[in-house]
Amino acid sequence: MRLKQMAIIIGVLYGIMAILPVFVGDTRFIMNILVMCLIWAVVASCWDLIMGFAGIFSFGQVAFFVMGAYCSGILAIEHGVPPVFAIPLAGVFTGAMGVLVGLPCLRLAGPYVALVTFGVHMALQPVLRGKIGLAMGSGGSVGLLTIPPVNIFGYTFSSANMVPTFYLTLLLSLACVLVIMFVIKSYWGVAFLALKDSPDFAMSLGISAFKYKLMVFALTSFLTGIIGAYYGHFYGVLSFRMLDLDLFSILMVMMLVGGLGHFPGAVFGAFIVVAGSEMMAPLGAYRAVVMGALVVILVLVLPNGVMGLFTGKQDRAEAG
Amino acid sequence: MLALKNVTKKFGELIAVNDLSFTVEQGQIFGIAGPNGAGKSTVYNLITGFYPYEGEIVFNGKNLSGMPPYKIARAGIARTFQIPQIFPSLTVDTSLNVGSRFGSGTGLDPAHVDKIIEFLELSEDRFTKTNKLNLMGKKKLMIGAALATKPGILMLDEPMAGSNAREIKALMDLILRINQEMGLTIIIIEHFMKVLTELTQELLIIESGSMICCDSPEKATRDPKVIESYIGDAYAENN
Amino acid sequence: MAAETIPVGVPIPMTGWAAGSGADYFKGIKMAIDEINGAGGLLDKQIEIIRFDSKGFEPEVVMQAADYLCGQKKVASIHAGWAGWGQDVRAYGKYDAPFFADDGSQAAVNIFKEDPAKYYNIYQTTDVGVEQAKSMFRALMALPYKYPNKKVVIINTDDSWGIEVGDTLNKSFKEKGWKVAKRETVPYGTNEWGILLSQIRRIKPAIIHIEIPSGQENITFIKQFLKKPSNSIISLGWGITPREVVDALGKSADGIVGEMPSGLPGPKAPNEKGQAWVDKFISLYKHQVPAGAWIAYTAVKAWANAVVQVGDAYDFKKVNAYLSKNGYEGEMGSIKWDKDNVLRAQAGAPVVHYQVQNGELAPIFTDPPLTPYKGSTFIKPPWIK
Amino acid sequence: MLKITNLNAWYGEAQVLKQVNVSVDQGDVVVMLGPNGHGKTTLLKAICGLVEKTDGDIVYQGSSINGLATEKLVNMGVAYIAENRELFPYMTVLENLKLGAYAKAARPYEKENLEKIFELFPRLKERRSQMASTMSGGEAKMLAVARGLMSNAQFLCIDEPSLGLQPSLRMELFSTISEINRQGKTIFLVEQNIPHISDLADKIYVMEEGRISFEGSSEDALGNEHLKEIFLGM
Amino acid sequence: MFSEDTILLFYEITDVIIAGLSTGSVYALMAVGMTLVYGVTKAFNFAYGDFFNMGGYLAWMIMFGLGLEFGGYPLVMILVLPILFIVGYALEKLLVAPLRKREDWENKVMMMTLGLALFLTSLYMVVFGVRMKSLPPILEGTLEVGQLVFAYQDIMIFVMSISSILALGWVLNNTRVGLAVRAVAQNPVGATIVGIPKEKIFATTFAISTVMVGFGGILLSQKWFINPNSGGIIMVKAWVVTALGGMGSIRGGLFAAFIIGMLEAFVGWFFGMSYSMIALFGLLLATLVFRPQGLMGKGE
Ligand SMILES: Nc1ncnc2c1ncn2[C@@H]1O[C@H](COP(=O)(O)OP(=O)(O)OP(=O)(O)O)[C@@H](O)[C@H]1O
Ligand SMILES: Nc1ncnc2c1ncn2[C@@H]1O[C@H](COP(=O)(O)OP(=O)(O)OP(=O)(O)O)[C@@H](O)[C@H]1O
Ligand SMILES: [Mg+2]
Ligand SMILES: [Mg+2]
């Protein structure tokens with residue numbers, strides 16, 4: 001897809017988002033869903049960048065998200081750092097963690113990378129709950145319950161004033177997604193594709209697999225951390241329960257519905273899945289059954305996700 | 001320009017390259033031949049930093065030992081692969097741009113890429129995905145991407161394999177033009193004697209990783225040891 | 001049409017790790033609402049249950065539940081069961097409809113204390129872990145059984161409940177001159193107890209207390225313990241209440257003790273009213289009363305009563321005022337919330353201590369005050385020689 | 001033995017073979033020539049059931065085999081030696097060869113064929129426990145040819161067997177092919193550079209742009225100046 | 001000769017080792033099927049743990065749902081294992097085979113199984129209820145050797161898991177079918193060229209792996225319980241074991257299972273049980289840094 005096409009799709013998606021509060025601005029429940037859409041769109045896009053484009057099977061995105069959230073929360077609660085500063089600091093922290101996790105991964109083949117990164121995910125929960133976490137101020141198994149909301153020039157963005165907070169989220173989300181778009185469309189993105197297609201050929205043309213893979217680890221964990229931090233300040237509470245497999249699976253489903261490696265499909269996917277899941281809420285326990293079945297069917301009939309519908313012709317010809 | 005000094009590479013028990021030394025001069029077309037499994041491709045892989053090795057490889061006064069492949073590429077060594085390598089998801093144009101952007105050290109140079117496209121007569125396929133190219137197209141693409149890195153030396157690994165007489169002739173012309181018009185030093189691995197004798201100025205023959213001879217192609221191909229272990233009597237008679 | 005019913009929110013896990021306990025609470029809630037509806041409804045309107053799958057209590061799910069139920073569906077009250085250690089206080093504190101939860105955690109109470117005026121609609125239906133643990137300790141000390149030594153092993157999960165109880169027990173035992181020979185904090189999902197058991201066999205503690213609010217770990221522990229038991233009283237704390245523990249272990253669990261907070265003892269209730277309730281529950285659901293069912297039932301009733309007294313389900317100020325001032329007259333007598341809106345253990349909603357006898361829970365004590373349950377006999381666990 | 005009529009084949013939307021007619025008689029060596037990328041490999045793949053979208057008729061020993069699964073063909077005595085080798089990368093040379101004799105018909109001859117092959121390619125014998133993925137380009141090609149010969153098939157489709165082989169081996173290879181043919185096997189060979197083609201080929205086809213542009217005996221081909229220049233110039 | 005303390009320590013360490021062996025055999029049982037199916041399809045099966053539970057649930061259904069408890073485990077095995085085979089075969093044909101024709105199919109299979117996992121987990125919950133189910137022990141009683149106690153149940157699991165892994169390994173390495181399975185794994189096109197019915201092999205392997213997994217599920221459910229939610233964590237455990245051993249390496253999987261079992265036992269004994277997860281991933285990371293293809297993986 002061309003940069004222009006991508007930009008248009010993103011523009012339309014966020015444009016629609018931006019006018020929705022006009023109709024539903026006073027329904028906090030729906031506004032909440034919209035904020036969720038915007039937040040998960042970033043996480044899913046980051047995941048798509050590292051997995052779909054860079055071809056690195058990182059399963060650590062949720063872990064980075066939670067790390068960012070906790071880091072910012074702890075900074076704000078324990079050290080009194082104002083959220084506007086705590087959020088970027090959390091991003092820097094998760095970015096650094098991303099590099100740290102990425103380093104041992106660079107030598108590994110796909111499923112092993114997945115496992116190591118997932119290991120980070122699995123190990124994070126005991127750390128946050130245990131003594132180490134408590135010593136850092138994670139609140140142990142209770143979690144963080146008193147995270148202050150974002151405050152810019154004396155104006156507080158919290159769920160009490162949903163509409164302005166929504167627009168702040170929208171801006172942040174859009175900024176992150178645009179960064180991802182430019183990365184994908186820059187020569188970075190091309191380098192990823194090249195490395196994925198033929199690492200030897202790519203290296204012989206001067207691409208440093210090491211540098212680019214590490215950079216993508218850093219960037220995706222940075223952005224994921226930022227949005228995670230924002231999430232914490234938005235809800236004011238955090239619990240390690242986010243590390244259970246549910247959220248992880250749902251995020252994967254978002255990517256898949258959007259189309260893995262078909263950015264901005266992930267954004268689309270996040271919007272559809274969050275909204276769809278809420279619409280299926282009346283199904284109760286059957287919701288998950290239906291969701292599961294839908295995923296299976298979607299993979300079979302829509303191999304490239306929703307984005308595949310747009311680029312379908314193109315891709316089918318290529319697949320042959 | 002490029003010199004190997006006592007280079008040795010072992011794979012476990014197997015000595016794939018054995019204490020090999022040779023020098024390629026600026027502007028030369030330098031041939032490498034030898035039986036299957038003699039270690040020719042391995043030599044390329046060592047020069048381009050794909051494997052660690054013993055000994056020293058020096059390029060324009062710079063010691064390449066221990067350098068990662070991408071740095072060696074930026075230092076001016078470009079290569080093609082025996083089994084064609086392409087980027088199936090990229091177009092010809094993008095593939096060349098990749099070489100130019102990452103390998104040249106000076107960043108993307110559209111004019112240079114244009115020139116290569118024209119030179120290799122790839123303009124018709126410029127915006128097709130590379131997985132749709134046929135064998136010749138893929139080979140040209142590899143050469144094109146390599147050239148786009150603005151190398152000082154181009155190393156080709158069996159570029160003629162699978163081509164018919166006319167195609168071989170065309171490829172030979174192309175290589176000659178790269179050498180003369182672009183002023184590039186070229187190393188070529190081939191099994192077609194005709195190519196080696198007509199194209200190269202110096203021919204290195206290796207067997208089991210060791211040098212048998214390194215001489216002018218005329219002399220090298222008449223060396224009885226070479227005929228016995230590599231060319232074969234029947235073939236020698238034929239040509 | 002819509003105005004003809006009174007919507008009540010029930011955010012309870014229907015999927016995920018907490019779904020089992022969620023189902024128990026729901027049984028009580030549904031029973032109460034069916035009764036009210038059967039008797040003509042509340043203020044002549046039927047009560048409508050609106051469920052929300054609160055999954056694993058992830059922050060956004062809890063918030064979403066509150067905004068959906070209170071903001072969107074405009075429910076008149078919320079009955080949540082076990083709901084997430086304090087996040088729920090924040091989520092529902094934004095609204096005014098009475099919210100009943102069973103967090104049993106000091107963290108939730110602390111949040112309440114931050115701003116009692118704002119969180120005035122939040123009601124905890126059980127006492128906090130610290131108090132429950134003290135009650136467990138009292139019960140253990142009061143058992144008609146002579147401990148061979150003063151060594152105890154405490155095992156608890158690594159969540160806030162487990163640690164709160166474990167810490168309190170640890171302190172209580174030490175104060176009484178006992179030796180806590182081992183304290184182990186284990187993750188959920190621990191199923192292999194071999195090492196711990198071999199250590200226990202060498203310690204030979206008089207008491208082993210396990211505090212894991214989930215069925216599977218307790219079951220596997222007991223199964224493996226019984227292969228070569230030590231002479232120890234086994235106390236499962238809250239962990240005895242999930243139905244699968246007795247279901248899975250049957251009579252082999254005989255002798256194990258444990259507690260249920262805000263419980264109504266069954267199968268033999270303390271009084272006639274209680275007995276009628278227990279009988280009804282059993283005939284409805286074909287099994288003994290699990291943890292939380294009775295108090296969830298009672299909370300619905302308490303709220304309904306307040307609504308009737310006030311005369312308007314949506315006059316939240318008055319409903320809340322009535323609730324916190326008057327409490328409710330339940331099956332075992334009156335229940336009242338304290339100043340922090342916590343339903344401390346009290347005669348009307350006691351902590352009930354059980355022992356498994358004949359493959360079922362048999363009450364042996366109620367607390368407070370700690371009194372032997374009428375007609376109860378403690379049996380020496382069969383594995384103790 | 002094999003008769004192909006009006007065969008079309010596509011990769012996705014792109015048509016590669018256009019109305020191809022080819023017939024191979026029992027006991028013959030038929031050679032197909034043609035420029036790079038004009039569909040020779042595709043034709044072989046189509047015969048062997050490896051092209052998804054085809055239409056037209058392929059009749060082998062009287063029965064239509066178009067659309068038949070590759071593994072069934074193998075059991076009917078058709079062997080395919082692929083241009084791009086298709087080896088089992090993490091198996092040893094010996095295991096690869098053994099798998100060559102997987103078909104029922106080939107099993108009884110496994111030992112015998114293995115010996116013959118080791119004679120033809122001593123390098124393979126020497127390296128029989130080396131992993132296939134680490135073989136050099138030429139060695140891997142030898143292994144691919146050898147594995148195909150293990151199948152003991154009656155009809156061999158061989159795609160550029162000499163690709164990357166050293167000159168002396170290339171000469172040997174073609175005499176081996178003649179030898180195999182003399183033993184009664186039918187051979188359909190795609191190859192660009194065959195010295196003394198008239199000694200080997202009974203019939204020659206030329207494929208250009210997915211169509212057969214020439215069909216005739218090797219004498220006819222050698223008599224055709226155009227063909228001689230393009231394909232037989234070496 | 002030895003002080004009492006020394007003897008006690010000796011017993012304790014022996015117990016730790018026994019615990020390690022017992023956990024190890026459980027992990028081995030969890031991982032067999034995964035090694036097999038990963039080895040062949042190269043695609044990650046997220047629904048793995050749910051197939052594991054499927055074994056348990058089917059056994060439960062036969063014993064209690066249909067009231068055939070009198071038949072005991074022999075009847076259960078006779079009925080359940082063929083059902084698992086059929087389910088596995090059908091799932092492969094219906095859901096995996098169509099994906100395999102696509103570009104980038106490994107990812108797609110992974111995604112599909114993710115959905116399948118979600119579907120099965122919640123389906124179990126809806127059909128069988130959220131509560132856990134348990135099965136009667138396959139063998140009652142314990143064997144006591146001095147101070148040491150072995151449950152017959154554990155011995156049974158140990159024997160079954162080791163023998164099933166060894167049997168699988170033997171089949172893969174020594175039979176023609178095994179060779180064919182490996183061939184398909186490494187190069188499906190190459191496999192058809194030599195006459196291997198690739199589609200059948202794919203489906204059969206998947207089915208056999210389902211049988212193996214389900215068999216493990218039955219054996220472990222009688223020791224533990226069947227929990228509709230446990231699929232994810234079982235999948236992760238199996239994954240760690242296979243990865244540490246080298247994905248696709250049967251022998252590696254066996255070793256890794258016992259190494260992890262021992263590690264958990266000793267870490268749990270020495271530092272406390274809550275540290276075992278951290279230690280586990282620490283070990284995995286350290287191993288992969290030095291051997292990126294796992295302990296016995298062939299590398300790619
Ligand atoms: N998998 C594929 N998908 C799409 N197009 C393909 C595919 N394989 C081959 N082609 C195209 O089909 C055409 C015919 O290719 P084929 O390999 O049959 O040619 P060939 O005559 O064997 O050439 P060569 O001498 O290079 O082996 C080529 O233009 C090629 O680009
Ligand atoms: N990774 C490896 N491990 C083990 N042996 C290897 C490895 N790579 C190459 N070899 C062996 O080293 C020898 C040299 O291989 P190389 O590819 O350099 O040969 P070559 O001269 O290019 O032959 P060809 O003309 O067939 O391409 C061969 O015998 C090959 O089997
Ligand atoms: Mg080579
Ligand atoms: Mg071809």
>> Around atom CD of B/Glu121, are there more than 12 heavy atoms from other residues, nucleotides or ligands closer than 6.0 Å?
In response: no
>> Any heavy-atom pair between the side chains of A/Phe201 and B/Val98 that's under 4.5 Å?
In response: no
> Atom CG in A/Asp200, atom CZ in B/Arg79: separation rounded to 0.5 Å?
Replying inline: 7.5 Å
>> Within this structure, what is the OH-CG distance for the pair B/Tyr70 and A/Leu195, rounded to the nearest 0.5 Å?
In response: 12.0 Å
>> If I measure from the heavy atoms of chain A, does B/Thr149 come under 4.5 Å with its side chain, its backbone, both, or neither?
In response: side chain
> Measuring heavy-atom distances to chain A, does B/Pro68 have an atom under 4.5 Å in its side chain, in its backbone, in both, or in neither?
Replying inline: neither
>> Could you tell me if the side chain of A/Tyr187 sits less than 4.5 Å from the side chain of B/Asn97, heavy atoms only?
In response: yes
> To the nearest 0.5 Å, how far apart are CE in B/Met155 and OG in A/Ser204?
Replying inline: 9.0 Å
> Are the side chains of A/Met203 and B/Phe50 in touch, meaning some heavy atoms are under 4.5 Å apart?
Replying inline: yes
> Looking only at heavy atoms, what is the nearest atom pair of B/Ala73 and A/Gly206, with distance?
Replying inline: CB-N, 3.5 Å
> Would a 4.5 Å heavy-atom cut-off, applied to side chains only, mark A/Asp197 and B/Ile86 as touching?
Replying inline: no
>> Do B/Phe102 and A/Ser208 make a side-chain contact, defined as non-hydrogen atoms from C-beta onward lying under 4.5 Å apart?
In response: no
> More than 12 non-hydrogen atoms from neighbouring residues, nucleotides or ligands closer than 6.0 Å to CD on B/Glu181, yes or no?
Replying inline: yes
> When only pairs under 4.5 Å are counted, which of B/Gly99, B/Gly103, B/Ser89, B/Pro69 shares the most heavy-atom pairs with chain A?
Replying inline: B/Ser89
> Does A/Lys196 NZ have over 12 foreign heavy atoms under 6.0 Å away?
Replying inline: yes
